[in-house]
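Reading through the structure tokens given below for one structure.
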Amino acid sequence: MPELPEVETVRDGLARHIVGRQVTGVQVLRDYSVRRHEGGPRDFADRLAGRDITYAARRGKFLWLGLAGVDEVLVAHLGMSGQLLIKVPSEAAEPHRHLRVRMTLSAMDELARVARPDAQAPGQPVFLDFVDQRTFGYLAVSETVPTADGEPGGLGTGEAVVPELLAHIARDLLDPAVAAGTPGRAELVRRIKAKPAAIKRILLDQTVVSGIGNIYADESLWRAQVHGERPASALSRPALNRLLDHAFDVMTQALSQGGTSFDDLYVNVNGESGYFSRSLNAYGREGEPCRRCGAPMKRSEFMNRSSFWCPKCQTKPRR
DNA sequence: ACTGCGTCCTGGGGGC
DNA sequence: TGCCCCCAGGACGCAG
């Protein structure tokens, strides 16, 4: 399932290969894959046709593409199995089995070609295929609203706007506005510290800090040697800062391992290539020795999700 | 305001 | 071999 590093890889690929093209056609093969779009699939296609793509941005696991001339953007959430694949027409004859939406994009404009000489197939039209086996992902066109803090809406854009449909989603840890040492980070820690709920629940709460899923929550907690059921308010500010730093590190490292798959005009966000699973220290390691102390790792149910943790390094709070 | 839980969906894989 | 069922996941919406 795509977590933030995989989504950032996709964003980077879109920025390099899609920006500067125009949407010339939209084919919705599965209506359900266009969701949270008020006018429905038909209106979705109509709104995109003829638009120039100006930037590729991301906040947490939400992606969006800027559209020239309108206060609207194309939003994409990959869910747990979504992929955005760029196909040159010659290889698009046999569409993917789980193709849900296909967008036809024009050749790249001159400005973009000069700015990004490494772009794939700049001189020819391409398909942007939204492939999604389990259909938890979706596409929508959303209006934009100004950001509350006046900072850019996400990574990959300088514009201080954010799609309305994800305006409630907090910034993620790769966002400079909440980087370590900034006022934004201090404010985030203060907010977390004020919460009595379990720290893992807070890490997973996208309205507090976004982009942390079940896997990276467990990895961050393992690194910080904090049990996920510990109340957030019971942790000191330095401890919370350390935890967030670990979360940042885990995601940054995964990102550096997965960066280049877009070069093949193919983005694997399923983790099938295994580039991010090889470095996991907690997730999925029930019964295996802790890589720090050797104690057998535990698995437990928390919030209807599996949690993996070391019983020795991450002492469980007495309830 | 907060929390807990059900819901959406699909097909791979385990169990019988 | 075949078939059925369960399970995984993020985000949201509702009930308490």
Side-chain angles (χ1 to χ4, degrees), chain A residues 1-8 10-11 28-38 40-41 58-64 75-84 95-101 129-140 142 154 162-173 190-220 228-234 247 251 254 268-272 274 276-277 280 282-286 299-308 317 319:
Chain A
M1 59 306 302
E3 297 250 1
L4 184 142
E6 291 79 35
V7 181
E8 172 57 19
V10 173
R11 188 206 64 75
V28 178
L29 292 96
R30 172 79 66 114
D31 282 355
Y32 187 72
S33 293
V34 174
R35 286 205 299 286
R36 300 184 65 190
H37 180 94
E38 286 188 27
R58 182 191 56 73
R59 176 185 287 207
K61 295 176 199 165
F62 285 86
L63 292 162
W64 68 96
V75 174
H77 195 291
L78 302 178
M80 62 179 296
S81 58
Q83 296 168 283
L84 284 166
H96 193 287
R97 189 174 164 204
H98 302 304
L99 179 62
R100 308 305 188 195
V101 179
D129 283 353
F130 180 62
V131 170
D132 189 13
Q133 182 202 108
R134 295 188 187 178
T135 66
F136 268 31
Y138 57 88
L139 304 180
S142 172
V162 68
E164 191 172 21
L165 81 74
L166 60 98
H168 62 293
I169 299 293
R171 294 181 182 280
D172 61 75
L173 293 172
R190 206 179 52 74
R191 239 188 111 192
I192 296 174
K193 175 90 179 139
K195 294 190 179 281
I199 185 61
K200 181 166 177 182
R201 163 178 271 277
I202 306 302
L203 288 180
L204 293 174
D205 186 339
Q206 305 296 301
T207 69
V208 175
V209 56
S210 70
I212 302 177
N214 198 41
I215 293 174
Y216 287 138
D218 279 4
E219 291 304 307
S220 310
E229 288 174 41
R230 216 163 260 288
S233 53
M251 295 191 291
N268 186 348
V269 292
N270 278 327
E272 282 162 8
F276 82 97
S277 58
L280 297 181
Y283 193 81
R285 300 198 67 242
E286 181 186 16
R299 176 197 185 127
S300 53
E301 285 292 309
F302 179 70
M303 293 172 64
N304 285 329
R305 293 284 180 267
S306 293
S307 289
F308 299 88
R319 10 178 247 108

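Basis for what follows: all heavy atoms, side chains included, without hydrogens, waters or symmetry-related copies. A note on names: the letters A, B, ... follow the listed sequences, proteins ahead of strands, and every chain is numbered from 1.
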Problem set entry | Start and end of chain A contact along DNA chain B [non-hydrogen atoms, under 4.0 Å] |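 Counting from the 5' end, contacts occupy B:dT3 to B:dG12.
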
[X]: salt bridge (charged side-chain N to carboxylate O under 4.0 Å, His left out) partners, not counting sequence neighbours:
X	value
A:Asp218	A:Lys200
A:Glu8	A:Arg11, A:Arg58
A:Arg285	A:Glu288

Just to verify, what does [X] make a side chain to side chain donor-acceptor pair (under 3.5 Å) with, not counting sequence neighbours?
X	result
A:Thr135	none
A:Arg30	none
A:Arg100	none
A:Ser300	A:Trp309

Below 3.5 Å is the cut-off: list the nitrogen or oxygen pairs between protein and nucleotides 12-16 of chain C, distance only.
unit_1	atom_1	unit_2	atom_2	d
C:dC12	OP1	A:Arg36	NH1	2.8
C:dC12	OP1	A:His168	NE2	3.0
C:dC12	OP2	A:His168	NE2	3.2

Exercise. How large an angle, rounded to 10°, do the end axes of the helix from B:dC2-C:dG16 to B:dC16-C:dG2 enclose when each is built from five base pairs?
Worked result: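 It works out to 60° between the end axes.
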
Exercise. How long is the line joining CG of A:Leu4 and C1' of C:dA11, in whole Å?
Worked result: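 After rounding, the reported distance stands at 15 Å.
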
For this session: Please state how far atom CG in A:Asp218 lies from atom C1' in C:dG10, giving the value in whole angstrom units.
Result: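 That distance rounds to 15 Å.
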
For this session: State which residues pass ring-ring contact (aromatic ring centres under 6.0 Å, His included) with A:Phe130; sequence neighbours excluded, sorted by chain then number.
Result: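 With neighbours one apart ignored, the set is empty.
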
Exercise. Taking only residues two or more places apart in sequence, or in another chain, which ones meet A:Val162 in a side-chain contact (heavy atoms from CB on, under 4.5 Å)?
Worked result: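 Residues passing side-chain contact (heavy atoms from CB on, under 4.5 Å) with A:Val162: A:Arg59, A:Trp64, A:Val145, A:Thr147, A:Leu166, A:Ala167.
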
